[in-house]
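Single-structure report; data block below.
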Amino acid sequence: MVLGVNLTLLMGESVPRPVSRELVEAIQSVEVTHADEGRSGFQIVFRVGRRDRGDLAEYRLLANPIFKVFSRVTLVVTLGATAQVLIDGVITNQQLAPNPEPGKTTLTLTGEDISVMMDLEQRSEPHDVQDEATIAEMILGQYKIYGVEPRVIKPTHIDRPTQNERVPVQQGTDLAYLREIGQRFAHVFYIIPGPAVGTSIAYWGPPQRQTQPQKTLTVNMGSFTNVRSINFQYNGMSATRLEGSAQDRRTNEIRSVREDRSDRPPLSQFPALENQRHYRITQFRQTGRDTAQADARAQADVDRSVDNVVTASGELDTVHYGSVLQLRGLVGLRGVGHSYDGLYYVKRVSHRISPGQYQQSFTITREGLSSTKQRLAV
């Protein structure tokens with residue numbers, strides 16, 4: 001594909017296996033998109049055609065059973081000596097675009113990661129005397145058949161109601177319910193493909209902002225530059241403080257609720273909530289919570305509000321960068337000045353691969369301006 005870059009495609013009706021050389025040579029382009037919210041997706045475009053009389057009834061590629069919807073697809077990119085599983089998912093859409101010109105007919109396969117299998121069946125399921133983390137572990141345990149390994153991080157506050165208080169009831173798909181119960185603590189749910197082919201990690205927990213920073217993104221620094229383009233936005237209307245009151249469901253005592261800063265590890269020297277002249281203030285309006293639950297819900301709302309105060313979007317020179325930018329971790333940025341240099345959270349990464357090209361575009365975010373680091377590891 002690209003000098004020093006190899007792409008491996010595995011497909012199968014249930015278990016993905018390396019495809020034939022014929023299929024590899026028919027690939028026109030591959031795109032994989034990861035975001036920290038929602039499912040990851042992929043799109044593979046194949047060139048198809050009729051070579052002999054045996055193809056008259058049907059295109060040979062289209063007749064292959066591994067191209068059916070809900071067949072399994074795994075994409076692995078090897079950059080240098082490092083292999084990275086880009087996606088482990090299933091085909092959800094098939095599109096054929098016939099063209100009378102030889103070699104111009106295309107077959108496009110679009111799909112999503114394994115979590116799409118958690119979004120097929122709506123359920124009405126009670127979870128007696130169970131807290132959210134226990135419910136998440138139980139739901140995810142049902143999907144080990146797809147090579148999914150649960151990784152559940154318990155919230156600081158455990159809400160395990162008795163039968164006399166309430167019974168948590170799932171009304172919807174497993175995926176929707178996992179995200180619903182996670183939002184109560186500003187937790188996220190997503191699938192991490194790999195590390196081995198055929199396996200994935202199902203993560204339910206807080207955003208991972210304490211990881212080891214990845215290789216630094218570099219702008220306007222001569223031969224060290226590995227970012228082709230980048231632009232920044234500062235959203236002054238994002239940061240929100242929360243005020244209000246809550247009546248404890250156990251004691252009936254009414255107490256004030258106030259959260260005015262995020263409890264996530266800061267990535268900026270001047271977080272918006274603590275340094276803006278003005279900020280949004282919203283009212284806490286939830287009922288039926290005890291004191292700890294009300295505080296946890298309020299903190300979650302404040303944490304979400306500062307996630308995207310500063311947003312940077314750009315395109316990476318993959319070969320010069322020499323690595324695959326990882327979603328949902330930290331990455332350093334240098335070369336754009338003190339206000340925007342420093343550490344960021346990687347919110348979105350797209351990979352576009354075609355013969356002779358490998359491009360990565362990215363979106364990174366943090367809660368304010370100026371770097372907390374004097375130096376970044378290159």
Side-chain angles (χ1 to χ4, degrees), residues 1-35 38-79 83-114 116 193 197 228-229 313-321 324-325 348-362:
M1 302 293 280
V2 186
L3 183 63
V5 178
N6 288 305
L7 179 71
T8 302
L9 172 63
L10 301 93
M11 299 178 67
E13 292 185 80
S14 56
V15 178
R17 293 184 174 86
V19 300
S20 66
R21 183 179 182 87
E22 178 188 13
L23 290 186
V24 173
E25 293 176 346
I27 295 175
Q28 180 171 298
S29 65
V30 171
E31 183 168 354
V32 177
T33 300
H34 302 293
R39 292 191 287 268
S40 297
F42 66 88
Q43 188 171 83
I44 309 173
V45 180
F46 294 90
R47 293 181 297 271
V48 298
R50 292 187 167 103
R51 298 182 178 181
D52 51 45
R53 295 179 62 182
D55 291 336
L56 293 179
E58 181 63 280
Y59 291 101
R60 184 175 301 176
L61 262 62
L62 195 60
N64 195 323
I66 65 174
F67 282 76
K68 294 179 180 179
V69 293
F70 290 104
S71 289
R72 191 89 169 263
V73 173
T74 302
L75 286 164
V76 182
V77 65
T78 303
L79 188 57
Q84 172 73 43
V85 180
L86 284 186
I87 191 79
D88 184 356
V90 296
I91 300 168
T92 58
N93 185 278
Q94 184 188 89
Q95 181 179 351
L96 178 68
N99 192 307
E101 293 187 43
K104 296 292 186 178
T105 296
T106 59
L107 174 65
T108 302
L109 302 180
T110 302
E112 301 178 7
D113 67 35
I114 288 297
V116 72
V197 172
R228 291 177 174 172
S229 62
S313 298
E315 188 171 287
L316 192 58
D317 184 335
T318 302
V319 174
H320 200 166
Y321 185 63
V324 176
L325 185 62
R348 184 178 183 277
V349 181
S350 290
H351 306 264
R352 295 184 299 278
I353 305 173
S354 59
Q357 292 187 342
Y358 181 10
Q359 300 177 1
Q360 295 180 81
S361 57
F362 60 85

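Scanning all heavy atoms of the two residues, the minimum distance from Val69 to Asn93 falls at CG1-N, 4.2 Å. Minimum interatomic distance between Glu25 and Arg47 (heavy atoms only, all atoms of both residues): O-NH2, 2.9 Å. What you find for Ser361 and Arg352 is that their closest heavy atoms are OG-NH1, 3.3 Å. Ser14 approaches Pro16 most closely through the heavy-atom pair O-CD, 3.9 Å. Of all heavy-atom pairs spanning Pro355 and Gln28, the tightest one is CD-O, 3.4 Å.
Atom CD1 of residue Ile353 and atom CD of residue Gln360 lie 8.5 Å apart, to the nearest 0.5 angstrom. Note that the CD1 atom of Ile87 and the CD atom of Glu31 stand 11.5 Å from one another [nearest 0.5 Å]. With rounding to the nearest 0.5 angstrom, the CG atom of Leu23 is 4.5 Å from the CZ atom of Phe67.
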Give every donor-acceptor pair under 3.5 Å between a side-chain atom in residues 103-113 and any protein atom, sequence neighbours left out.
residue	atom	partner	partner atom	Å
Thr105	OG1	Asn99	N	2.9
Thr105	OG1	Asn99	O	3.1
Thr110	OG1	Gln43	NE2	3.1
Glu112	OE1	Arg39	NE	2.2
Glu112	OE1	Arg39	NH2	2.8
Asp113	OD1	Ser115	N	2.9
Asp113	OD1	Ser115	OG	2.4
Asp113	OD2	Ser40	N	2.9

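Counting only heavy atoms from C-beta outward, the side chains of Asp88 and Arg72 approach each other to under 4.5 Å. No side-chain heavy atom of Leu9 sits under 4.5 Å from any side-chain heavy atom of Val30. By the 4.5 Å heavy-atom criterion applied to side chains, Ser29 and Gln357 are not counted as neighbours. Contact annotation: the side chain of Val197 approaches that of Val76 to within less than 4.5 Å [non-hydrogen atoms, C-beta and beyond]. Inter-residue side-chain proximity for Leu79 and Tyr321 is flagged as unmet; no heavy-atom pair is nearer than 4.5 Å. Put simply, the side chain of Ser71 reaches to within 4.5 Å of the side chain of Glu13, judged on heavy atoms.
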Start with the C-alpha gap between Val5 and Thr318, add the side-chain angles, then the distance that decides, and say whether side-chain contact (heavy atoms from CB on, under 4.5 Å) holds.
CA-CA 10 Å; Val5 178; Thr318 302; 5.5 Å; no
Step by step, would you call Ile91 with Met11 a side-chain contact (heavy atoms from CB on, under 4.5 Å)?
CA-CA 10 Å; Ile91 300 168; Met11 299 178 67; 4.0 Å; yes
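Scanning for side-chain hydrogen bond (donor to acceptor under 3.5 Å, both in side chains) contacts around Arg348 gives Ser350, with sequence neighbours left out.
Between the side chain of His34 and the backbone N or O of Leu86 there is at least one donor-acceptor pair closer than 3.5 Å.
Ring geometry for His351 against Tyr358 counts as tilted: the plane angle lies between 30° and 60°, on a 0 to 90° scale.
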